[in-house]
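Before any comments, here is the structure.
Keep in mind the model is a prediction, meaning the values are calculated, not measured.
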Amino acid sequence: MSSRHTPPASHLERILDTLGQINVNVESLRVTLTALVETAGDHERRIRSNERWRFNLTPVLAVMTFVLGAIFTVTLERYL
């Protein structure tokens with residue numbers, strides 16, 4: 001005779017239920033992690049887009065500032 005003890009069926013059912021719950025939790029974590037990775041990627045794309053606009057806009061703002069300053073100076077000289 002073997003000295004091994006066979007666990008009762010209810011014990012095995014609880015273990016299987018627990019494993020099923022763990023599987024659901026792991027799947028939920030996987031979905032959440034995937035969503036976080038996608039969100040991080042989206043934020044990265046938006047930041048890069050803002051940086052491109054900022055670098056492209058700087059020379060335009062410099063020219064506009066110069067032109068407006070020149071217009072303001074000519075206007076002041078004309079009326080003072």
Look up atom OG1 in Thr18 and atom CG in Asn23, then write down how far apart they are to the nearest 0.5 Å. 12.5 Å

Could you tell me the separation between the CG atom of Leu33 and the OG atom of Ser28, rounded to the nearest 0.5 Å? 11.0 Å

So do the side chains of Asn50 and Arg54 get within less than 4.5 Å of each other, counting heavy atoms only? no

Rounded to the nearest 0.5 Å, what separates atom OG1 in Thr32 from atom CD in Glu27? 9.5 Å

Without placing hydrogens or testing angles, list every side-chain donor-acceptor pair under 3.5 Å for residues 37-44, not counting sequence neighbours.
| unit_1 | atom_1 | unit_2 | atom_2 | d |
| --- | --- | --- | --- | --- |
| Thr39 | OG1 | Ala35 | O | 2.9 |
| Asp42 | OD2 | Arg46 | NE | 3.0 |
| Asp42 | OD2 | Arg46 | NH2 | 3.4 |
| Glu44 | OE2 | Arg48 | NE | 3.0 |
| Glu44 | OE2 | Arg48 | NH2 | 2.5 |

Working to the nearest 0.5 angstrom, can you tell me the gap between Ile71 CD1 and Phe66 CZ? 10.5 Å

When rounded to the nearest 0.5 Å, the distance separating CG of Asn56 from CG of Leu61 is 11.0 Å

With a 4.5 Å limit on heavy-atom distance, are the side chains of Val26 and Ile22 in contact? yes

Are Leu80 and Phe72 linked, directly or through other ILVMFWY residues, by side chains that come within less than 4.5 angstrom of each other? yes

